[in-house]
2 protein chains.
Amino acid sequence: MMKRTKNSLTIRDVAEACEVSISTVSRVLNEKADVSSETYEKVRRVIAEMGYTSSLAATSMRSRRTNVIGVLVVDLGDPFSLELFKGIGKAIYGTEYDLIVYCSGRIAATAQSGWERWHLSRLDGSIADGVLVVTPTTEDLTAISPLVAVDPHEHNIFPAVLSANREGAIAVMEYLISLGHRRIGFIAGRQGLVSSNRRQQGYIDALEQAGLPVDPALIQPGDYTRETGFRCTQNLLTLPDPPTAIFAANDQSALGVIDAACEAGWHIPGDLSVVGFDNTPQAARSMPGLTTVDQSVSEMGYIATTMLIKLMQGKSLDEPVCKVPTQLVIRDSCQCIA
Amino acid sequence: MMKRTKNSLTIRDVAEACEVSISTVSRVLNEKADVSSETYEKVRRVIAEMGYTSSLAATSMRSRRTNVIGVLVVDLGDPFSLELFKGIGKAIYGTEYDLIVYCSGRIAATAQSGWERWHLSRLDGSIADGVLVVTPTTEDLTAISPLVAVDPHEHNIFPAVLSANREGAIAVMEYLISLGHRRIGFIAGRQGLVSSNRRQQGYIDALEQAGLPVDPALIQPGDYTRETGFRCTQNLLTLPDPPTAIFAANDQSALGVIDAACEAGWHIPGDLSVVGFDNTPQAARSMPGLTTVDQSVSEMGYIATTMLIKLMQGKSLDEPVCKVPTQLVIRDSCQCIA
DNA sequence: GTGAAAGCGCTAACAC
DNA sequence: GTGTTAGCGCTTTCAC
């Protein structure tokens, strides 16, 4: 095994250089009151000169206060997490907190349910003293530090930030229905994802609420990709009785809808109204004629982080569960059916 | 200060539950050879039952081996880092490594030069045993673990992944010049950023190499945003002698170019050839008629991580510096000047 | 105001 | 094979 040859500096090196004891240096590091200003200055200066930094590991172990926020994600690269990071980064900017995004490459540990639990306990009570968990299942999680769940499947004891998937979908449908549309196609998201299910539920609920029939042929099994959106739209447009409007479960599929409609010679929004659910207000923004429901995922990250910081400061939350609203963004209004 | 009341499990709890010593549990945890299979099984079972996880902090402190890759970024939310994460995530997926992205909210520590150094020493030699540093200045950095720099300003002793900003820009210019263009506008990126400077340098170098004059009026001070790209293009198009082609330093400005050209009634690529430098192959992709040079930032992340893992495994690198090539993606070929 | 000493949870000699 | 023991770098009583 590697030997003690950690050539990095320790508190001991600083102490020796200052000719004071280790505890004095520690006091300075932690801004304790009872250090003579003379000693204080000297230690500070030496620390700066040597470029010493206390070891995160050692500090974490000894004291509960690390000022580190841990963020647990399954996949560092998925669009949802990425979008979330924007908001999280914004939220800690200028604060005294540090951020640690933790993500494991071990699929074995990750694939089986319970990875959250495993990784959580690695951060929580260790180097982080507040945790943001991005996972559908917060069920059997236990934490000793404050924890905020981001868009959990079902919210339980933990404070959480929820997205308004169903509500947003209903808003879309009410808008389209108010324009007179009766046959509205739906392109679902990736099967099994809560977001997709909830959006589809909103689609169905809105139809039923309006007393409109739910035609299974109008519901296409998408997967959040542009290509599938394209194919699904082709299916819809070649129906004997095609829809007058299409609601796509995300921005990418919405682009696919437009691709297919254009190729088939349909005019948007003249012949077909298109609305997309948009998590990352970007891709869809560049398409003219597309109405979207924006669910600002980055704002979810921002809000979640704000909540967590509050908890870490010992304050209590006004609302333990915060639902981030969606916004219907009408660029060119959709076609009106007389 | 908070007391010892860490109600989280320790190795001691496991040992007691198994009625073995702490070291035996440690041996099991670290897959050491000399444990009877009987004991091994029992300990494993108890660990699973209790849901015990070793403390990252304690493990890091005692052994140098943590299997944790640290990634140092200034801003968790900026597009470059985000794009990088995609590649990094992909690279560790399925490996035995864990990832920790570290980012500080303390602007004081961040703003002044030397933040890298400070944060580096926090990770390196502490919880991470390999570090990826995303920063322009790797100058006075020292590390005791393997370190790979991502797109550093100037590369020095550390292995690094470099982007081919200048080379990509030259490729664009050679392409446009080969089509017969003589007056090519350039919309620069955010002032002060290396990426922008390098791209502009490529623009100038290519012109000089081709024996073409460098007209300052054709170089517009952009800032990587669509809006500024729009205004810069208006400036270019209203020139007494407007360019026949425009090269935008990134995808967003390229979109701005198209916006402005369309508004002014110019046809693309009929009246004006447009090429954009693209870091995040997404926004520009949705625009028809736009040719881009793709610099896959996510691939830089992937490559950097691969290099780092190799180093962490004690292997040596074939090439200490890897320049990730750009690719000219011609969607509809640009206008040809007779 | 400052130092000595006892651990935090864990690993790695070293004994048996 | 397994237990005992000495720390890793730090914080925190408790003396002085």
Side-chain angles (χ1 to χ4, degrees), chain A residues 1-16 18-43 47 50 52-68 121-127 129 144, chain B residues 1-16 18-43 47 50 52-68 121-127 129 144:
Chain A
M1 196 51 207
M2 211 145 282
K3 19 154 113 110
R4 286 300 81 62
T5 330
K6 285 222 347 110
N7 41 353
S8 72
L9 297 158
T10 74
I11 196 173
R12 179 183 219 106
D13 301 318
V14 178
E16 283 171 3
C18 295
E19 292 176 311
V20 292
S21 74
I22 292 181
S23 19
T24 303
V25 179
S26 175
R27 283 187 187 104
V28 173
L29 283 173
N30 297 284
E31 307 280 351
K32 299 283 178 197
D34 46 355
V35 180
S36 75
S37 57
E38 196 182 341
T39 321
Y40 182 89
E41 291 306 334
K42 185 168 68 179
V43 176
I47 286 179
M50 302 176 83
Y52 163 80
T53 324
S54 65
S55 145
L56 220 199
T59 313
S60 314
M61 218 174 103
R62 208 59 189 77
S63 84
R64 273 303 53 74
R65 204 78 205 300
T66 58
N67 271 6
V68 171
S121 61
R122 276 220 93 174
L123 281 187
D124 168 47
S126 188
I127 52 188
D129 45 31
I144 61 180
Chain B
M1 198 52 208
M2 212 145 281
K3 20 153 114 107
R4 281 304 79 61
T5 330
K6 284 221 349 114
N7 42 353
S8 72
L9 296 158
T10 76
I11 196 174
R12 179 184 218 106
D13 300 319
V14 178
E16 282 171 2
C18 296
E19 292 176 310
V20 294
S21 75
I22 291 181
S23 26
T24 303
V25 179
S26 175
R27 284 188 186 103
V28 173
L29 283 173
N30 298 283
E31 305 282 350
K32 299 284 180 197
D34 47 356
V35 180
S36 75
S37 56
E38 196 182 342
T39 322
Y40 183 88
E41 291 307 335
K42 184 167 69 181
V43 176
I47 286 179
M50 301 176 83
Y52 162 80
T53 323
S54 64
S55 145
L56 221 199
T59 313
S60 315
M61 217 174 104
R62 206 57 188 81
S63 84
R64 274 301 55 73
R65 202 80 204 301
T66 57
N67 272 6
V68 170
S121 61
R122 218 102 211 223
L123 280 187
D124 169 48
S126 188
I127 51 188
D129 43 31
I144 60 179

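Quick caveat, the model's predicted, so the values are computed rather than measured. Proteins get letters first, then strands, A, B, ... in listed order; numbering begins at 1 in each. No hydrogens, no waters, no symmetry mates; every other heavy atom, side chains included, goes into these values.
Proximity of B:T39 to the phosphate of D:dG1: no side-chain N or O atom is located under 4.0 Å from OP1 or OP2. Within the structure, a side-chain polar atom (N or O) of A:Y52 is placed less than 4.0 Å from OP1 or OP2 of D:dC10. Of the side-chain N and O atoms in A:S63, none sit less than 4.0 angstrom from OP1 or OP2 of D:dC10. Distances shown here put every side-chain N or O of A:T10 at or beyond 4.0 Å from the OP1 or OP2 atom of D:dG9. Taking 4.0 angstrom as the limit, B:K32 places none of its side-chain polar atoms (N or O) nearer than this to OP1 or OP2 of D:dT2.
Taking a 4.0 Å limit (strictly below) on heavy-atom distances, residues 22-31 of chain A reaches DNA chain C at A:S23, A:T24, A:R27.
The interatomic distance linking B:R12 (CZ) with C:dC10 (P) rounds to 11 Å, in whole Å. In this structure, the CD atom of B:E16 is 18 Å from the P atom of D:dT2, given to the nearest Å. Taking atom CG on B:D34 and atom C1' on C:dC14, their separation rounds to 13 Å, with Å as the unit. Distance, B:I127 CD1 to C:dG9 P: 18 Å, rounded to whole Å. Rounded to whole Å, atom C1' of D:dG3 lies 13 Å from atom CD1 of B:I11.
Residues passing the side chain to side chain donor-acceptor pair (under 3.5 Å) test with A:S36 are A:T39, sequence neighbours excluded. In this view, B:I22 and B:I11, B:R12, B:A15 satisfy the side-chain contact (heavy atoms from CB on, under 4.5 Å) rule, not counting sequence neighbours. Partners of A:S121 under the side-chain contact (heavy atoms from CB on, under 4.5 Å) rule, at least two apart in sequence or in another chain, are B:T53. Scored by the side-chain contact (heavy atoms from CB on, under 4.5 Å) test, B:S60 finds A:A57, B:L56, B:T66, B:I127 as partners (sequence neighbours excluded). The salt bridge (charged side-chain N to carboxylate O under 4.0 Å, His left out) check on A:E31 picks up A:R44, with sequence neighbours excluded.
Between A:S21 and A:T24, the side chains place a donor N or O and an acceptor N or O closer than 3.5 Å (distance only, hydrogens not considered).
Among the nucleotides C:dG1, D:dC10, C:dG9, the one closest to any side-chain atom of A:S54 is D:dC10. Distance from the side chain of B:M61 is smallest for D:dG9 among the nucleotides D:dG9, D:dG3, C:dA12.
A:S8 and A:D13 get closest at one heavy-atom pair: O-OD2, 4.0 Å.
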